[in-house]
Number of protein chains: 2
Amino acid sequence: MNDPTKERILDAAERMFAENGVAATSLRAIMKEAGANMAAVHYHFGSREGLLEALMARRAEPVNRRRLELLDAIEQRHLRGVIPAEDIVRAFCAPALEMLGDPQRRHVSRLIGRIVMEAPDSAAMTRIFGTTARRFVSAIQRAAPHITEDEAWVRLHFMVGTMVFTLTAPRSPVCDPSMSVDTQTVLEQLIAFASAGLAAPCAAESGKE
Amino acid sequence: MNDPTKERILDAAERMFAENGVAATSLRAIMKEAGANMAAVHYHFGSREGLLEALMARRAEPVNRRRLELLDAIEQRHLRGVIPAEDIVRAFCAPALEMLGDPQRRHVSRLIGRIVMEAPDSAAMTRIFGTTARRFVSAIQRAAPHITEDEAWVRLHFMVGTMVFTLTAPRSPVCDPSMSVDTQTVLEQLIAFASAGLAAPCAAESGKE
DNA sequence: GTCTATAAGGAGATAGAC
DNA sequence: GTCTATCTCCTTATAGAC
């Protein structure tokens, strides 16, 4: 890269935010890991918040672009009629999960999980995920025509929760090194679970029993 | 209560951990909210970690006991044969979700979500949730006899992720900001989604397309 | 049991040399 | 662009009066 120090800071921040959480990781720890000093992060990113935004721009936005590319391809294959729920889950989850299997890049996937998990209400989140979310809600409605738009939003939310917890939870099969489950298997299990959930019958109007 | 200050500290900590996250909330902010001083928390709980453990004992453990009571009742109703997946999701999620609708107790539900989500060390988590998790894995296998025990663990994990994300980010930007937060409706939608996921066909062995 | 006061160190941010 | 040194505020934790 043109700017090795800047890249080293981004890489170290990514790794530490992903492993320990964003709120629990200090700039000092990141700079020590990056082999640079406190002043460098302020020179390159202005502040801790600026660093976090740079990380999102570098990782979350490309993942969302990939999701929309995959969704475009699905909609091209199903110009009318019902879209398979499996395809929707795959288009949404594969771009975020596919780096988990590579020890060199697994922290990229986990960072995405941390960001979504820890900062669900921020304006930056809406800016980055808003368009993607709206597109996927429309797709979910075409996969499950029996549900309302409100319920499609809720089901997208459930799918995101399932994926994010899988990306970040310490005892997750994808994060616990003692459980040798490979990424492809986890993705297929996630697709089996979440696609059945997306296409499920409508929720009962009140307590059913 | 016998010890108003201790209770006030627990209440304030619960509220602030739930709303802002555990790692992001300082003892100082908690003591200010509780109207007490820094020394009190060390007198009553020894340390920040001790306070967190007291919170877990007060809230997470009773929720798990309630889950197991409900699961016992279900197993009594289905001494042999298949257990409905809806019943399992309801037994697991209702005790954690039921306080969301009450503004006075909503933070109790959210705290449980935060604790599971941030999972500071897996040892305490295993101690508190281990027994409950094993019982529910057995129940999931009786609701979905076609899946392996390993896959039952993964599906329990997915269900937990769906619930926890709902508890902690009920107004996530991935959802319509105007979406309903009526607790009973959310619970029924969660049951519809997760029970379909629990009972879903086996995951594909490899990429299906 | 609860307080004040303070220790001892970590946090993010900045000035200015090179 | 990167460094050292430092500022100011905040953190958990403790000692000791009452």
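Residue numbering restarts at 1 for every chain, and letters A, B, ... go by the order of the sequence lines.
Under a 4.0 Å N-O distance rule, the pair A/E14/A/R114 does not qualify as a salt bridge. One finds a salt bridge joining A/R155 and A/E151 here, because a Lys/Arg side-chain nitrogen approaches an Asp/Glu carboxylate oxygen to under 4.0 Å. The pair A/R135-A/E75 meets the salt-bridge criterion, since a charged nitrogen lies less than 4.0 angstrom from a carboxylate oxygen.
Nucleotide C/dT2 holds its P atom 11 Å from the CD atom of B/E7, rounded to whole Å. The distance from atom CD1 of B/I30 to atom P of D/dA13 is 11 Å, rounded to the nearest whole Å. What separates NZ of A/K32 from P of C/dG12 is a distance of 15 Å, to the nearest Å. Across the protein-nucleic acid pair, A/H42 atom NE2 and C/dG16 atom C1' stand 16 Å apart, rounded to whole Å. Across the protein-nucleic acid pair, A/E49 atom CD and C/dG12 atom C1' stand 13 Å apart, rounded to whole Å. In this entry the distance linking NE2 of A/H44 with C1' of C/dA13 reads 16 Å, nearest Å. In this structure, B/Y43 places its OH atom 14 Å from C1' of D/dC18, rounding to the nearest Å. To the nearest angstrom, C1' of D/dA13 lies 16 Å from CZ of B/F45.
Side chain of B/R110 to main chain of B/T168: a donor-acceptor pair is present (N/O by atom type, distance under 3.5 Å, no hydrogens or angles). Under the 3.5 Å distance criterion, the side-chain polar atoms of A/R67 are matched with a main-chain donor or acceptor of A/F92.
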- prompt: What string of B, S and - do you get for nucleotides 3-11 of chain D, 5' to 3', when a contact is any protein heavy atom under 4.0 Å?
  reply: BB------B
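Sorted by first and then second residue, the ring-ring contact (aromatic ring centres under 6.0 Å, His included) pairs involving residues 21-40 of chain A (not counting sequence neighbours) form an empty list.
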